[in-house]
Amino acid sequence: MAALPRRIIKETQRLMQEPVPGISAIPDESNARYFHVIVTGPEDSPFEGGLFKLELFLPEDYPMSAPKVRFITKIYHPNIDRLGRICLDILKDKWSPALQIRTVLLSIQALLSAPNPDDPLANDVAELWKVNESEAIRNAKEWTRRYAMDT
Amino acid sequence: MTANYSNERVDEEIEALEAIFMDDITISYNDKGVPELVKTTIFPSTANDIKKQYVCVTFEAALPEMYPDCEPIVTLKNPRGLDDSVLNNLYSAMKNKCLEYSGQPVIYELIELIRENLTESNLPTCQCAVCLYGFCDGDVFTKTPCFHYFHSFCLAKHLLTTEKHFNEEQEKLPTWQKNTKGFQAVCPVCREAISCCVDDLKNAPPPKELEDAQNFSVTNELRLLQSKMQELFSYQKSRGGIIDIEEEENKLLLITNSSEDSPPNHDPGPSLVQVEENGMSSMNQKMKSDFGNTSLR
């Protein structure tokens with residue numbers, strides 16, 4: 001593997017020394033560009049109490065290009081599809097090298113608090129979120145309880 | 001009356017501030033016409049040579065009803081080129097100044113105090129937001145008009161990459177959707193439009209501090225965290241909570257109204273599902289290969 005850019009090392013150290021509350025991100029033992037991530041469901045959201053596993057990969061030209069992030073734990077959310085892909089502008093055209101792993105994960109956690117069914121990735125979920133929000137929230141809570149719990 | 005006396009002192013101070021700072025200061029009044037907030041952006045004194053001002057901060061002083069018999073409530077906003085330790089020093093210096101001037105108008109003194117401090121340390125103490133390293137003697141750096149700092153080397157990389165990405169995206173679009181205005185570079189931190197000469201920047205040397213940075217190594221702490229994460233993963237997998245990409249992909253090939261995962265009362269309509277999910281399927285191929293690379297160890 002090519003030498004790891006210093007910026008990645010610095011971010012990794014800071015993630016370990018000053019972790020973001022509710023978020024843990026640790027590099028894989030054999031690939032320091034691949035991070036195992038856990039995001040806790042935000043309070044007062046249908047995802048409260050859940051621990052969501054994600055994977056995050058820093059591409060070759062990071063931080064010039066955005067990290068690739070995906071949910072591994074199933075989640076019922078209008079901006080996250082069945083394959084765990086996330087619809088979030090900063091992961092696409094609004095990426096900036098001034099963003100970091102921690103800010104990306106915070107944005108994802110914020111997305112859990114503020115689902116945006118008008119910009120859907122999971123169409124069926126978004127549709128229900130718009131026509132019957134209380135039922136959608138019930139589903140999201142049920143999925144959290146069923147899939148995203150700790151031992 | 002005491003209240004009137006107090007207002008008079010404030011009025012005099014405000015009048016003096018407006019005479020000194022003119023358009024550079026903003027005073028807000030409450031609905032009774034009493035001044036309640038003084039706001040100004042402070043730069044180091046560099047004989048008005050704007051190019052040599054590397055730091056700045058916006059000073060806001062809220063004037064409580066009892067001011068100047070009590071202290072103003074001071075906030076420093078939008079610091080540029082200043083890190084937290086500099087800001088904390090400024091706050092404690094202001095606190096001392098307020099104690100010294102207890103019971104007297106103090107706003108002008110505070111503004112000058114900050115200006116003196118900024119003039120003394122007129123070098124960005126923050127990190128470069130691109131490489132996360134600081135600015136050392138000999139580093140070549142650029143200040144944007146929005147007062148953000150980057151090693152010229154790092155900024156050049158940002159400008160070249162974003163322009164390349166922009167052009168690649170434009171290629172994919174049909175003519176009527178293309179952006180006719182062309183590429184506009186933006187500041188990585190605040191997205192203000194910036195214009196820089198990439199050719200000059202890209203010849204700058206890489207940041208100095210990078211050379212001394214530590215190497216990455218796996219610690220025991222890290223291994224412990226990894227095994228905890230693995231436990232959670234196994235538990236969630238045993239409960240069917242982990243997304244199985246292959247299984248989901250196979251599902252996408254079928255047109256179904258009721259899949260296990262769909263909410264029971266909701267019928268998304270078959271045609272919609274087909275169009276949307278076929279689209280996702282091809283995207284997924286790409287994503288899988290992206291992630292696939294990560295497991296090459």
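So you know, we letter chains A, B, ... as the sequences are listed, proteins then strands, and number each from 1. Everything numeric here is computed off the predicted structure, so don't read it as measured data.
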To check you understand the geometry: which heavy-atom pair defines the closest contact between [X] and [Y], and what is its length?
| X | Y | answer |
| --- | --- | --- |
| Q236(B) | L51(A) | NE2-O, 2.7 Å |
| H165(B) | S65(A) | CE1-OG, 3.3 Å |
| K74(A) | I242(B) | CE-O, 3.7 Å |
| M16(A) | L222(B) | CE-CD1, 3.0 Å |
| P27(A) | Q226(B) | O-NE2, 2.5 Å |
| F71(A) | I243(B) | O-CD1, 3.5 Å |

[X] side chain near [Y] side chain, heavy-atom distance below 4.5 Å:
| X | Y | answer |
| --- | --- | --- |
| K10(A) | Q127(B) | yes |
| Y147(A) | R239(B) | no |
| R191(B) | S96(A) | yes |

Who among E11(A), R14(A), E29(A), K53(A) has the most heavy-atom pairs with chain B under 4.5 Å? E29(A)
What residue in G84(A), P63(A), A136(A), A148(A) has the most heavy-atom pairs under 4.5 Å with chain B?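 With the most close heavy-atom pairs to chain B, the winner is A148(A).
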Which answer fits [X], side chain, backbone, both or neither, if we ask what part of it has an atom under 4.5 Å from a heavy atom of chain B?
| X | value |
| --- | --- |
| T73(A) | both |
| Q100(A) | side chain |
| D61(A) | side chain |

Pick from E231(B), R223(B), E169(B), E221(B) with the largest number of heavy-atom pairs that fall under 4.5 Å of chain A: R223(B)
What part of C154(B) lies closer than 4.5 angstrom to a heavy atom of chain A: side chain, backbone, both or neither? backbone
Would you give the length of the straight line joining atom [atom1] of [X] to atom [atom2] of [Y], rounded to the nearest 0.5 angstrom?
| X | Y | atom1 | atom2 | answer |
| --- | --- | --- | --- | --- |
| L232(B) | I72(A) | CG | CD1 | 10.5 Å |
| I26(A) | L224(B) | CD1 | CG | 9.0 Å |
| I9(A) | L132(B) | CD1 | CG | 12.0 Å |

Keeping the roles fixed (side chain from R146(A), backbone from G241(B)), state whether a donor-acceptor pair exists under 3.5 Å. no
Got a sec: does the CD of E18(A) have more than 12 other heavy atoms crowding it under 6.0 Å?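 Check passes, neighbour count above 12.
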Can you confirm whether more than 12 heavy atoms, excluding those of K94(A), are under 6.0 Å from its NZ atom? no
